[in-house]
Amino acid sequence: MDVESVKTFLAVAELGQFQEAAAELGVTQQAISKRVSRLESELGVRVFARTPRGAQLSVDGQALLPHAREFVQVAKRALDSVHPGHRALRVDVLHRRIAPSVLLHEYHRAHPDALLDIVTLESASAPRAVEAIRAGTIDASFRAILDSAQAYGPDITATRVFESQMEVLVGPGHPLANAKSVTLRDLRGHRIWIPGIAPGTEWAHYYDRLMENFDLSIDGIGPHFGDEALLEEIADSRSLGTFVGHRDRYLWPSHFDLRRIPVRDPIPIYPYSLVHRQDNSHPGLAAILDYFRAVPTPGNEKVWLP
């Protein structure tokens with residue numbers, strides 16, 4: 001069916017007059033009649049009964065009405081999907097509890113009219129994320145670009161947008177539980193447990209370098225039963241700790257009494273970049289980049305970057 005003919009059918013059905021439908025759509029009454037006739041010819045039924053008082057829906061017209069509305073909505077969504085600014089910016093945030101997701105939520109609360117579609121890709125691989133960006137499955141992805149020489153091709157750009165300050169999370173029985181802050185050297189000899197570290201990912205490389213530089217014990221041994229199970233294990237343990245970002249959003253029952261302890265001198269930084277196609281003209285992308293540039297950085301404190 002022709003979209004314009006269906007829109008005309010809906011206008012006449014709502015207004016009850018060919019003349020009023022013509023004024024609404026900005027065309028002549030003759031054009032309205034032709035569109036309705038074309039639709040009726042295509043369907044093989046009469047959708048309106050012409051009366052002295054105007055056009056009334058026929059039985060077939062009443063049956064068509066809800067489907068016609070859905071048809072027009074689907075057509076609009078299809079059109080919007082290929083016009084930046086009329087479709088949602090589709091962004092991969094890796095995990096819905098970590099800083100990129102939290103900050104994008106804050107951005108959307110400040111800009112409620114922004115069209116956003118937040119996703120987490122099934123693959124944790126940065127090259128797979130780039131493939132999805134190239135294919136148009138997503139517009140952008142938050143990734144840690146640890147090597148300044150790393151490049152995915154001239155069509156892909158990575159803009160550093162946020163420096164997540166790492167904290168250590170421990171239970172109330174841990175030896176460091178009452179510390180106001182710790183150094184990375186204080187963590188030597190303590191087991192840092194991060195289940196679910198996927199080999200070959202940027203965060204696996206990050207923790208490898210952190211271990212090498214500060215002689216830490218970081219492992220992902222054992223199955224990962226989810227964040228809630230991890231937090232419960234940390235709460236019950238006198239020896240385990242894990243790393244979280246200072247803007248990550250993890251919630252737990254009050255009786256867990258978990259402690260988030262800042263790491264200082266230096267502050268380990270997890271560097272998030274927003275990876276996207278260089279020719280992506282979606283206005284939402286530029287707005288998000290501007291928003292993230294205004295996020296505070298650690299300032300003059302000593303930091304560690306891999």
Side-chain angles (χ1 to χ4, degrees), residues 93-103 105-106 120 124 142 144 146 162-199 201-272 295-306:
V93 295
L94 295 173
H95 191 298
R96 295 189 185 275
R97 293 192 183 275
I98 62 175
S101 180
V102 173
L103 288 168
H105 185 207
E106 292 178 3
T120 55
F142 284 94
L146 304 182
F162 180 63
E163 296 182 345
S164 180
Q165 303 173 44
M166 303 301 289
E167 299 177 336
V168 64
L169 183 69
V170 299
H174 194 279
L176 299 174
N178 295 319
K180 298 298 182 184
S181 65
V182 296
T183 67
L184 289 168
R185 294 170 185 81
D186 293 332
L187 298 178
R188 290 174 180 169
H190 296 282
R191 183 186 172 201
I192 305 297
W193 187 42
I194 307 176
I197 298 178
T201 59
E202 60 262 37
W203 55 89
H205 294 314
Y206 177 89
Y207 289 123
D208 284 344
R209 296 186 189 183
L210 194 60
M211 284 192 289
E212 292 169 3
N213 278 258
F214 295 96
D215 192 26
L216 300 182
S217 175
I218 303 174
D219 69 74
I221 298 171
H224 184 26
F225 290 103
D227 297 328
E228 289 74 14
L230 169 62
L231 296 176
E232 186 174 11
E233 290 282 351
I234 297 295
D236 290 341
S237 175
R238 294 179 177 272
S239 60
L240 292 179
T242 194
F243 280 124
V244 295
H246 76 291
R247 296 293 292 270
D248 294 354
R249 180 174 52 202
Y250 291 93
L251 304 175
W252 54 80
S254 59
H255 67 270
F256 279 13
D257 196 19
L258 293 172
R259 319 291 173 85
R260 296 181 70 139
I261 306 173
V263 182
R264 297 281 186 264
D265 195 30
I267 302 171
I269 295 296
Y270 194 86
Y272 285 106
V295 174
T297 61
N300 296 325
E301 294 189 65
K302 185 178 178 181
V303 301
W304 175 85
L305 280 165

Given side chains that start at C-beta, do those of Val93 and Ile98 come closer than 4.5 Å, heavy atoms only?
-> no

Is there a side-chain contact (heavy atoms from CB on, under 4.5 Å) between Leu216 and Ile192 once you walk through the steps?
-> CA-CA 8 Å; Leu216 300 182; Ile192 305 297; 5.5 Å; no

Check whether any side-chain heavy atom of His190 sits under 4.5 Å from a side-chain heavy atom of Val182, and report yes or no.
-> no

Distance (rounded to the nearest 0.5 Å) between His205 NE2 and Leu210 CG = 14.5 Å

Give the ring-plane orientation class for His246 versus Phe162, where under 30° counts as parallel, over 60° as perpendicular and anything between as tilted.
-> parallel

Is there a donor-acceptor pair closer than 3.5 Å between any side-chain N or O of Arg259 and the backbone N or O of Asp257?
-> yes

Going from CG on Asp215 to CG on Leu184, what distance comes out if it is rounded to the nearest 0.5 angstrom?
-> 11.5 Å

In terms of ring plane angle, is the pair Tyr250 and His95 parallel, tilted or perpendicular, where the classes change at 30° and 60°?
-> tilted

Could you check if a side-chain atom of Pro100 sits within less than 4.5 angstrom of a side-chain atom of Leu94, using non-hydrogen atoms only?
-> no

Taking C-beta and beyond as the side chain, do Val168 and Leu187 meet within less than 4.5 Å on heavy atoms?
-> yes

How many angstroms lie between CD in Glu106 and CZ in Arg249, if you round to the nearest 0.5 Å?
-> 8.0 Å

Apply salt bridge (Lys or Arg N to Asp or Glu O under 4.0 Å) to the pair Arg97 and Glu228, showing each step before the final yes or no.
-> CA-CA 12 Å; Arg97 293 192 183 275; Glu228 289 74 14; 3.3 Å; yes

Determine the minimum heavy-atom distance between Ala177 and Val170, stating which atoms define it.
-> CA-CG2, 3.9 Å

Keeping the roles fixed (side chain from Arg247, backbone from Ser164), state whether a donor-acceptor pair exists under 3.5 Å.
-> no

CG on Asp248 to CD on Gln165, rounded to 0.5 Å = 11.5 Å

Check: Trp203 side chain, Ile197 main-chain N or O, donor-acceptor pair, under 3.5 Å = no

Kindly give the heavy-atom pair with the smallest separation between Leu240 and Ile234, and that separation in Å.
-> CB-CD1, 3.8 Å

For Pro195 and Pro223, work out which heavy atoms get closest and say how close.
-> CB-O, 4.2 Å

Met166 vs Tyr206 side-chain heavy atoms within contact, under 4.5 Å | yes

Step-by-step side-chain contact (heavy atoms from CB on, under 4.5 Å) determination, Phe214 to Thr183 | CA-CA 10 Å; Phe214 295 96; Thr183 67; over 6 Å; no

How about Arg188: does its CZ atom have over 12 heavy atoms from other parts shown lying under 6.0 Å from it?
-> yes

Given side-chain contact (heavy atoms from CB on, under 4.5 Å), test Tyr207 with Phe243 step by step and report yes or no.
-> CA-CA 10 Å; Tyr207 289 123; Phe243 280 124; 3.8 Å; yes

Backbone of Trp193 reached by a side-chain donor or acceptor of Asp219 within 3.5 Å | no

Would you check if Leu169 and Trp252 make a side-chain contact, meaning some heavy-atom pair closer than 4.5 Å?
-> yes

Considering non-hydrogen atoms only, spot the tightest contact between Met211 and Ser217 and give its length.
-> SD-C, 4.5 Å

Determine whether more than 12 heavy atoms belonging to other residues, nucleotides or ligands lie under 6.0 Å from atom CZ of Arg96.
-> yes

